[in-house]
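First listed ligand is number 1; within each ligand, the first listed atom is number 1. The figures here come from the full heavy-atom set of this structure, side chains too, leaving out hydrogens, waters and symmetry mates.
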Amino acid sequence: MKEELRGWKDLPIGAVTYKLSLEYRTGGWRTLKPVIDLNKCTRCMLCWLFCPDMAILWNGRDVVVSYDYCKGCGICAHECPVKAIDMVPEYS
Ligand code: SF4
Ligand code: SF4
């Protein structure tokens, strides 16, 4: 017997924020933090493109991480083509 799939309107309400995400400093969730080696970085901006939290910023000269919002997922380190980003323990 084929199971009937439910539509999104049938799903229970989950965690939905009702304010601007700027008001939630999610950096406190992090256990690992990305650290960028600017000597290796080629400024290709792929980390900026892939970061799901828009926590990679450009300061006019270098890429920098906004630790107020970075959740430490490690996607930027995974995608960096020259391995310029290390994920290091937040508390060590
Ligand atoms: S992906 Fe790597 S090389 Fe590219 S801007 Fe980010 S840190 Fe630099
Ligand atoms: S670790 Fe995740 S959230 Fe933090 S800067 Fe990298 S991609 Fe963005």
Tell me which part of Val82 gets within contact of ligand 1: side chain, backbone, both or neither, using heavy atoms under 4.0 Å. side chain

Could you list the atoms of ligand 2 found under 4.0 angstrom from a heavy atom of Cys70? 1 (S), 3 (S), 4 (Fe), 5 (S)

Treating Arg30 as the side-chain partner and Glu90 as the backbone partner, does any N or O pair qualify as donor plus acceptor under 3.5 Å? no

Identify, for atom 6 (Fe) of ligand 2, the protein heavy atom at the shortest distance, and state residue, atom and that distance. Cys76 SG, 2.3 Å

Where on Arg43 is there a heavy atom closer than 4.0 Å to ligand 1, on the side chain, on the backbone, on both, or on neither? backbone

Among non-hydrogen protein atoms, atom 8 (Fe) of ligand 2 lies closest to Cys51 SG, 2.3 Å

Which atom of Pro34 lies closest to which atom of Tyr67, heavy atoms considered: O-OH, 2.5 Å

What atoms of ligand 2 come closer than 4.0 angstrom to any heavy atom of Gly74? 1 (S), 2 (Fe)

Which ligand 2 atoms does Gly72 reach within 4.0 Å, using its non-hydrogen atoms? 1 (S), 4 (Fe)

Would the distance check show the side chain of Lys83 and the main-chain N or O of His78 forming a donor-acceptor pair, the cut-off being under 3.5 Å? yes

CG (Leu49) and SG (Cys44) are apart, to the nearest 0.5 Å, by 9.0 Å

Do Tyr24 and Leu22 sit in one hydrophobic cluster, given that two such residues count as connected whenever their side-chain heavy atoms are within less than 4.5 Å of each other, even indirectly? no

Within less than 4.0 angstrom of ligand 2, does Pro52 place any heavy atom? yes

Taking only heavy atoms of Ile85 into account, list the atoms of ligand 1 that are under 4.0 Å away from them. 7 (S)

Looking at side-chain heavy atoms only, is the closest gap between Tyr69 and Met54 below 4.5 Å? no

Arg43 vs Val63 side-chain heavy atoms within contact, under 4.5 Å: no

For ligand 2, which part of Ile56 has a heavy atom less than 4.0 Å away: the side chain, the backbone, both, or neither? side chain

Note: Cys47, heavy atoms under 4.0 Å from ligand 2, region reported as neither

Compare every heavy atom of Ala84 with every heavy atom of Lys40, then report the nearest pair and how far apart it is. CB-CB, 3.7 Å

Following the transitive rule for hydrophobic clusters with a side-chain heavy-atom cut-off under 4.5 Å over Ile, Leu, Val, Met, Phe, Trp and Tyr, establish whether Val35 and Val64 coincide in one cluster. no

Have a look at ligand 1 and work out which part of Met45, if any, has a heavy atom under 4.0 Å from it: side chain, backbone, both or neither. backbone

Using a strict cut-off of 4.0 Å, indicate which atoms of ligand 2 neighbour a heavy atom of Asp53. 3 (S)

For atom 2 (Fe) of ligand 2, what's the nearest protein heavy-atom neighbour? Residue, atom name and distance, please. Cys73 SG, 2.3 Å

Around atom 4 (Fe) of ligand 1, find the nearest protein heavy atom and jot down its residue, atom name and distance. Cys44 SG, 2.3 Å

among protein heavy atoms, the one nearest atom 3 (S) of ligand 1 is Thr42 N, 3.3 Å

Checking only N/O/S atoms, does Cys41 have one that is under 2.8 Å from atom 8 (Fe) of ligand 1? yes

Interatomic distance, Glu79 atom CD to Leu46 atom CG [nearest 0.5 angstrom]: 7.5 Å

Side chain proximity check, Ile56 to Val65, heavy atoms < 4.5 angstrom: yes

